[in-house]
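Here's the structure we're looking at; comments come further down.
What you see below is based on every heavy atom in this structure, not just the backbone, and it leaves out hydrogens, waters and symmetry mates. Treat the numbers as computed from the prediction; the structure is a model and nothing was measured. Both counts, for ligands and for their atoms, begin at 1 and track the order of listing.
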Amino acid sequence: MMGSSAKPVMTSEEFRLLKDYVASKFGLKLESSRREALSLKLLPHLRQLRLSTFSEYYAYLKFGPQAAEELNTFISLLTNNETYFFREESQLNAFSQAMLPALKEKKLRDGDKTLRILSAGCSTGEEVYTLAMLVLESGCFAWSWDVRITGIDVDHKAIAQAKKGIYAGRAFQSTPARYLKRYFNECSEGYQVNEAVRSITRFMVGNLLDVDLLPEGGLDIIFCRNVLIYFGDETIKSIVENLAHSLRDEGLLFLGHSESLSRITTCYLPLRLPEAIIYQLKGKNPT
Ligand SMILES: C[S@@+](CC[C@H](N)C(=O)[O-])C[C@H]1O[C@@H](n2cnc3c(N)ncnc32)[C@H](O)[C@@H]1O
């Protein structure tokens, strides 16, 4: 047990154990420069658990009676959940102005009236709801269309918040006023996403490294933005190739503006639009 004034220091060996464990479970890459930050984040939690050292915490995390639950708490402490509505406008313009109309044309030709979009690493849900608002606003997929926009994240707490759909402050830093007016209801804690948007969205907890996470071939578009920056190249390759299996023919992958697949995998073709680079499954024709 830890005395009231004792403050355990995370040794480099303890950091290595935690770092390797997190890499094996979630693919996340913890740079050694994050040792101190990790230690500070974990300290209050160690106190709560009445553990004296990070080695004890490692044993508790890996072999403790509630190891699975503890892993969820640990990953919540580690993940960077930074997100907000209408993040990276240029890509969203490419999505709503170029890709959605082209996709609708193609789907009408094929007699397919479904639209399936995934936000992989959706954090607290702002990206999912942004995509839903853009789909509704486009008017391309109204009436008899079956639209579903799904958000997946490994962080249980983030997904719980996404399901509530209530936001305030910084979440709205880039939100045009007309969207706030049209798609949200004011409530005591801020603004809640309205039913029109919620009805075409859903959320689930999941690890992008899990090969059985997604069914094969059902998705039209995947957004996986500002997620891959936390992984090493090997893990990025596994994740984007895993995502490729869940895309339909000619399916599209949007990455964050600082993320790229060059030198990672050859299974996507970069489509260079004026405002953004989008990746399409290789060997297929652009929509
Ligand atoms: C910085 S947020 C990006 C949110 C949103 N895509 C955006 O661009 O605004 C990164 C998210 O990726 C999630 N994440 C990290 N590793 C993951 C994994 N292995 N599986 C699923 N989600 C993961 C984190 O929990 C975090 O919420």
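Ranking protein heavy atoms by distance to atom 9 (O) of ligand 1, first place goes to Thr83 OG1, 2.6 Å. Nearest protein neighbour of atom 1 (C) of ligand 1, counting heavy atoms only, is Asn80 O, 3.1 Å. Considering only non-hydrogen protein atoms, atom 5 (C) of ligand 1 sits nearest to Gly121 O, 3.5 Å. In this structure, the protein non-hydrogen atom closest to atom 11 (C) of ligand 1 is Asp153 OD2, 3.5 Å.
Residues Ile278 and Leu273 form a side-chain contact, since some pair of their non-hydrogen atoms from C-beta on lies under 4.5 Å apart.
Among residues two or more places apart in sequence or in another chain, the side-chain contact (heavy atoms from CB on, under 4.5 Å) test is passed with Lys25 by Tyr21, Leu71.
Surrounding NZ of Lys157 are at most 12 heavy atoms belonging to other residues, nucleotides or ligands under 6.0 Å away.
In this structure, the ring of Phe85 has its center less than 6.0 angstrom from the ring center of Phe184. The aromatic ring centroids of Tyr167 and Tyr191 lie 6.0 Å or more from each other.
The closest heavy-atom contact to atom 20 (N) of ligand 1, among the options Leu208, Ile229, Leu228, Leu28, comes from Leu208. Nearest residue to atom 16 (N) of ligand 1 from Phe26, Phe86, Phe231 is Phe231 (criterion: closest heavy atom).
Leu228 and Val211 fall into different hydrophobic clusters, where Ile, Leu, Val, Met, Phe, Trp and Tyr side chains are chained together by heavy-atom contacts under 4.5 Å.
With salt bridges taken as basic N to acidic carboxylate O contacts below 4.0 Å, none links Lys106 and Asp112. Ion pairing of Glu13 with Arg16 is present here, as a side-chain N (NZ or NE/NH1/NH2) and a carboxylate O approach within less than 4.0 Å. At a threshold of 4.0 Å, the pair Lys41-Glu36 does not count as salt-bridged, since none of the basic side-chain nitrogens sits closer than that to a carboxylate oxygen.
By the 4.0 Å heavy-atom criterion, Phe223 is excluded from the residues contacting ligand 1. Proximity of Gly206 to ligand 1 is established by a heavy-atom distance of less than 4.0 Å.
Among the atoms of Asp155, none of the N or O lies under 3.5 angstrom from an N or O of ligand 1. Between Val154 and ligand 1, at least one N/O pair is under 3.5 Å apart. Residue Arg87 has at least one nitrogen or oxygen atom sitting less than 3.5 Å from a nitrogen or oxygen atom of ligand 1, judged on distance alone.
Short contacts between ligand 1 and Ser123, defined as distances under 4.0 Å to a heavy atom of the residue, involve ligand atoms 4 (C), 27 (O). For ligand 1, the atoms sitting less than 4.0 Å from at least one non-hydrogen atom of Thr79 are 24 (C), 25 (O), numbered in the order shown with element in parentheses. For ligand 1, the atoms lying closer than 4.0 Å to a non-hydrogen atom of Asn207 are 18 (C), 19 (N), 20 (N). The ligand atoms of ligand 1 that sit less than 4.0 angstrom from a heavy atom of Asn226 are 1 (C), 2 (S), 3 (C), 7 (C), 8 (O), 10 (C).
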Acceptor/donor pairs from residues 119-132 side chains to any protein atom, 3.5 angstrom cut, sequence neighbours excluded:
from   : atom 1 : to     : atom 2 : distance (Å)
Ser119 : OG     : Glu127 : OE1    : 2.7
Ser123 : OG     : Asn81  : O      : 2.8
Thr124 : OG1    : Glu126 : OE1    : 2.7
Thr124 : OG1    : Glu126 : OE2    : 3.4
Glu127 : OE2    : Arg225 : NE     : 2.7
Glu127 : OE2    : Arg225 : NH2    : 3.1
Tyr129 : OH     : Ala162 : O      : 2.7
Thr130 : OG1    : Phe86  : N      : 3.1
Thr130 : OG1    : Glu126 : O      : 2.7

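Of the heavy atoms in Arg225, both backbone and side-chain atoms come closer than 4.0 Å to ligand 1.
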